[in-house]
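Here's the structure, in structure tokens; my notes come after.
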Amino acid sequence: QVQLVESGGGSVQAGGSLTISCKLYGDIDSVTTMGWFRESPSQSPGSEREGVAIIDDDGTTRSVDSVKGRFTISKDNVKNILYLQMTNLKPEDTALYYCAADERKRPWPPLNPLFEYKYWGQGTQVTVSS
């Protein structure tokens, strides 16, 4: 079992930066893919969480086009923390951001994140004002 605890969310103005973190606990060595997903207020009810970025155990990263050049996913294997560094934030980045992990290599883009990822954090809110 793996537990994920996010932190670092908050409110920033457009153009600002924020880094959110996800601390891993438990059977950490079993994790292969980790990622960040988000649910925004503009999403249609019942729609899937949007995949923001993922990182595999070999360090390979993938991200959605809307955040390329602005967001960076990384992990500290000593501290067992996953990060999402967000720069040049836009109001449309406002969302509840979730950390997720799974023991298998996961596809990109994700089709059904809640089905594809076994472990989820509780979410951390990021609000960007214009």
Side-chain angles (χ1 to χ4, degrees):
Q1 287 291 317
V2 174
Q3 295 81 43
L4 307 173
V5 179
E6 298 105 332
S7 62
S11 298
V12 295
Q13 289 194 319
S17 301
L18 198 63
T19 296
I20 54 178
S21 305
C22 175
K23 174 77 172 170
L24 287 78
Y25 299 91
D27 189 13
I28 298 163
D29 290 340
S30 70
V31 171
T32 299
T33 300
M34 296 194 66
W36 288 100
F37 297 80
R38 64 187 180 186
E39 287 181 354
S40 67
S42 60
Q43 270 180 258
S44 304
S47 61
E48 295 292 343
R49 290 177 181 176
E50 180 187 27
V52 177
I54 65 170
I55 184 167
D56 289 332
D57 55 355
D58 62 1
T60 302
T61 63
R62 297 171 184 85
S63 59
V64 68
D65 286 348
S66 62
V67 307
K68 279 188 166 81
R70 301 189 300 122
F71 291 12
T72 302
I73 187 171
S74 62
K75 57 180 180 172
D76 185 323
N77 291 322
V78 174
K79 297 180 180 178
N80 298 319
I81 299 176
L82 179 74
Y83 297 100
L84 185 68
Q85 295 174 281
M86 302 179 287
T87 63
N88 191 19
L89 280 158
K90 304 176 181 180
E92 52 263 41
D93 295 317
T94 294
L96 189 57
Y97 283 73
Y98 293 92
C99 169
D102 198 87
E103 293 132 350
R104 304 158 291 178
K105 247 192 203 345
R106 299 287 76 200
W108 184 266
L111 297 177
N112 190 337
L114 289 175
F115 179 76
E116 293 168 2
Y117 287 79
K118 184 175 180 180
Y119 305 108
W120 290 86
Q122 80 285 358
T124 186
Q125 179 68 38
V126 173
T127 303
V128 185
S129 57
S130 56

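Numbers for residues simply follow the sequence, beginning at 1. This is a predicted model, so every value here is computed, not measured.
Using a 4.5 Å heavy-atom cutoff, the side chains of Leu82 and Trp36 are in contact. The shortest distance between side-chain heavy atoms of Asp56 and Arg62 falls below 4.5 Å. Contact of the Ser66 side chain with the Glu50 side chain is registered, since non-hydrogen atoms from C-beta on lie closer than 4.5 Å. A heavy-atom distance below 4.5 Å is found between the side chains of Tyr119 and Gln1. No side-chain heavy atom of Phe71 sits less than 4.5 Å from a side-chain heavy atom of Val64.
With sequence neighbours excluded, no residue forms a side-chain hydrogen bond (donor to acceptor under 3.5 Å, both in side chains) with Thr19. Here Gln85 pairs with nothing under the side-chain hydrogen bond (donor to acceptor under 3.5 Å, both in side chains) rule; sequence neighbours left out. A search for salt bridge (charged side-chain N to carboxylate O under 4.0 Å, His left out) contacts involving Asp57 returns Lys105, not counting sequence neighbours. Thr60 pairs by the side-chain hydrogen bond (donor to acceptor under 3.5 Å, both in side chains) definition with Asp58, not counting sequence neighbours. Judged as a side-chain contact (heavy atoms from CB on, under 4.5 Å), and not counting sequence neighbours, the contacts of Val126 are Leu18, Ile20, Met86, Tyr97, Val128. Residues passing the salt bridge (charged side-chain N to carboxylate O under 4.0 Å, His left out) test with Glu92: none are found, sequence neighbours excluded. Partners of Asp93 by side-chain hydrogen bond (donor to acceptor under 3.5 Å, both in side chains), not counting sequence neighbours, listed by chain and number: Arg38, Arg70.
Residue Trp108 comes nearest to Ser63 through the heavy atom pair CZ2-C, 3.4 Å, listed as atom of the first residue, atom of the second, then distance. Of all non-hydrogen atoms in Arg49 and Pro113, the two that sit nearest each other are O-CG, 3.4 Å. Annotation for Gly51 and Pro110: closest pair CA-CG, 4.0 Å, computed over non-hydrogen atoms.
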side-chain contact (heavy atoms from CB on, under 4.5 Å) assessment of Leu114 paired with Phe37: CA-CA 10 Å; Leu114 289 175; Phe37 297 80; over 6 Å; no
Test side-chain contact (heavy atoms from CB on, under 4.5 Å) applied to Leu4 and Met34, step by step: CA-CA 10 Å; Leu4 307 173; Met34 296 194 66; 4.3 Å; yes
Derivation and outcome, side-chain contact (heavy atoms from CB on, under 4.5 Å), residues Ser30 and Val2: CA-CA 9 Å; Ser30 70; Val2 174; 4.0 Å; yes
Candidate pair Tyr117 and Ile54, rule side-chain contact (heavy atoms from CB on, under 4.5 Å), full reasoning: CA-CA 11 Å; Tyr117 287 79; Ile54 65 170; 3.4 Å; yes
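Note that CD of Gln13 is 9.0 Å distant from OG of Ser130, once rounded to the nearest 0.5 Å. One distance of note links CG of Leu84 with OG of Ser21; it measures 9.5 Å at 0.5 Å rounding.
Counting only residues at least two apart or on different chains, the salt bridge (Lys or Arg N to Asp or Glu O under 4.0 Å) pairs with a member in residues 117-130 are Glu103-Lys118. Among residues at least two apart or in separate chains, there is no salt bridge (Lys or Arg N to Asp or Glu O under 4.0 Å) pair with a member in residues 22-35.
Annotation: Lys68, atom NZ; neighbour count of heavy atoms from other residues, nucleotides and ligands within 6.0 Å is above 12.
Checked by atom type and distance alone, the side chain of Thr127 never pairs as donor or acceptor with a backbone atom of Thr94 at under 3.5 Å. Side-chain N or O atoms of Thr124 include none that pairs as donor or acceptor with a backbone N or O of Glu6 at under 3.5 Å. Side-chain atoms of Gln125 do not come within 3.5 Å of backbone N or O of Gly9 as any donor-acceptor pair.
Under the 4.5 angstrom side-chain criterion for Ile, Leu, Val, Met, Phe, Trp and Tyr, Val78 has no cluster partners at all. Chaining together hydrophobic side chains whose heavy atoms lie under 4.5 Å apart places Tyr25 alongside Val5. Hydrophobic clustering, defined by side-chain heavy atoms of Ile, Leu, Val, Met, Phe, Trp and Tyr closer than 4.5 Å, groups Tyr83 together with Ile81.
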